[in-house]
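First comes the structure, then the notes that go with it.
Just follow the structure's listing: the first ligand is 1, and inside any ligand the first atom is 1. No hydrogens, no waters, no symmetry mates; every other heavy atom, side chains included, goes into these values.
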Amino acid sequence: MTTLKFRNNDEMPILGLGTFRSEPNEVYNAVLSAIKIGYRHIDCAAAYGNEKEVGNAIAEAIKQGLVTRNDLWVTSKLWNASHGKENVIPALKQTLEDLQLEYLDLYLIHWPVALKKGTEMPEKASDFIPLSEVPLTNTWKGMEAALEQGLAKHIGVSNCNENQLKEILATAVHQPEMNQVEMHPFLQQEALQSFCVKNDMLLTAYAPLGSLVDENSTLRLLENDTIKNIAKARRMSPAQVALAYTIQRGIAVIPKSINEARLLQNLETLNHTLTGEDMALLKDLDKAHRFIDGKFWEVENGPYTADSIWNA
Ligand code: A2P
């Protein structure tokens, strides 16, 4: 499978399985089926509430001899309630126990947002800790410790903008190697991509199919006419066109599915190539539209706004 290369030449499969909003009872079959048909990259997070079931599926795949641990690339993410350098390793050890793994291939700070210990999702201002009290640079020290102890082979961040990356880079001993952000043809983030490329940082696109998190949204990526027309012309599905576009920009994609046919369809994107003309038409679809808008971090008198997260 096509891969993205890290600085030490470790290779991450460019297409992985997303597990956000995969219910615990569904994710076991999704992960096992995905590995059976050839997925080798699984994207997880403590916050998804399903790492035990993902771990059971990985263990079963190894037990059945489908793969070895070494064949897999497993990413997970530090939840916001575990920011602060002393909290990173305990949180990572819990994730490793849940996933039944000795190490992660990649560990990311999930959001540039800090929450009080034990908070799942915030409801009031006192559930938060402002980043002025626990700066990202402090949490990054814990991430570096995880790397040095071999608990994670690579470390990075998620949902970070250029300024937040610069802040971490300024004091990092080990630089972040990955930024995982929302990306698809409606949100192309070209400036962020140039910054990451310049700083030798890779990108992973979450919600690469435009997510269906907002069921009321009238904007549907996979129903866009340009995407549908290219799909028809190339004998691809609209989802494959969306994924291929981001892959051909050199960005990893982690489409989530719990459905066997769609798992296969998404993986088979790798058998297709879009033309330069297709790429140019898709480039024109950018509308800087976030399906995951970050508004869930806004509470009355709270320290974060969606705008502060994306733009501060
Ligand atoms: P399902 O799990 O039932 O397949 P994203 O990764 O952008 O967040 O999108 C995930 C959403 O897209 C899920 O609701 C998932 O549903 C759906 N999905 C995954 N693959 C495809 C596909 N090939 N075509 C259409 N919808 C898909």
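- Of the candidates I258, L264, L221, it is I258 that places a heavy atom closest to atom 2 (O) of ligand 1.
- When only non-hydrogen protein atoms are considered, atom 20 (N) of ligand 1 lies nearest to N266 ND2, 3.0 Å.
- Using a 4.0 Å cut-off to heavy atoms of A207, the atoms of ligand 1 that qualify are 5 (P), 7 (O), 8 (O).
- What sits closest to atom 8 (O) of ligand 1 on the protein, heavy atoms only, is S211 CA, 3.5 Å.
- Nearest protein neighbour of atom 14 (O) of ligand 1, counting heavy atoms only, is L212 CD1, 3.4 Å.
- Of all the heavy atoms of A239, the ones lying under 4.0 Å from any atom of ligand 1 belong exclusively to the side chain.
- Scanning the protein heavy atoms around atom 21 (C) of ligand 1, the nearest turns out to be R262 CD, 3.3 Å.
- Under a 4.0 Å criterion applied to the non-hydrogen atoms of G210, ligand 1 contributes the atoms 7 (O).
- The nearest non-hydrogen atom to atom 18 (N) of ligand 1, considering only T19, L267, L209, comes from L209.
- N56 and E60 are not linked by any side-chain donor-acceptor pair at a separation below 3.5 angstrom, with hydrogens and angles left out of the test.
- Applying the 6.0 Å contact sphere to CD of E148 captures more than 12 heavy atoms from other residues, nucleotides or ligands.
- Nearest residue to atom 10 (C) of ligand 1 from R21, M183, K256 is K256 (criterion: closest heavy atom).
- For the 3.5 Å distance criterion, the side chains of N266 and T269 fail to qualify, holding no donor opposite an acceptor.
- For the residue pair D10/N8, the side-chain donor-acceptor check at 3.5 Å is satisfied.
- When each of W310, Y304, W111 is checked for a ring-ring contact (aromatic ring centres under 6.0 Å, His included) with W297, only W111 meets the rule.
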Go through the steps for R69 and D105 under the test salt bridge (charged side-chain N to carboxylate O under 4.0 Å, His left out), then give the verdict.
-> CA-CA 10 Å; R69 167 66 187 94; D105 297 278; 2.8 Å; yes
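- Taking every heavy atom of L222 and a limit of under 4.0 angstrom, the matching atoms of ligand 1 come to 25 (C).
- For the ligand labelled ligand 1, residue P255 lies inside the 4.0 Å heavy-atom shell.
- The closest side-chain donor-acceptor pair between T275 and D278 falls under 3.5 angstrom.
- Heavy-atom separations between S237 and ligand 1 are all 4.0 Å or longer.
- Grouping the Ile, Leu, Val, Met, Phe, Trp and Tyr side chains by contacts below 4.5 angstrom, directly or via other members, places M236 with L281.
- With no hydrogens or angles considered, a side-chain donor-acceptor pair links N159 and Y206 at under 3.5 Å.
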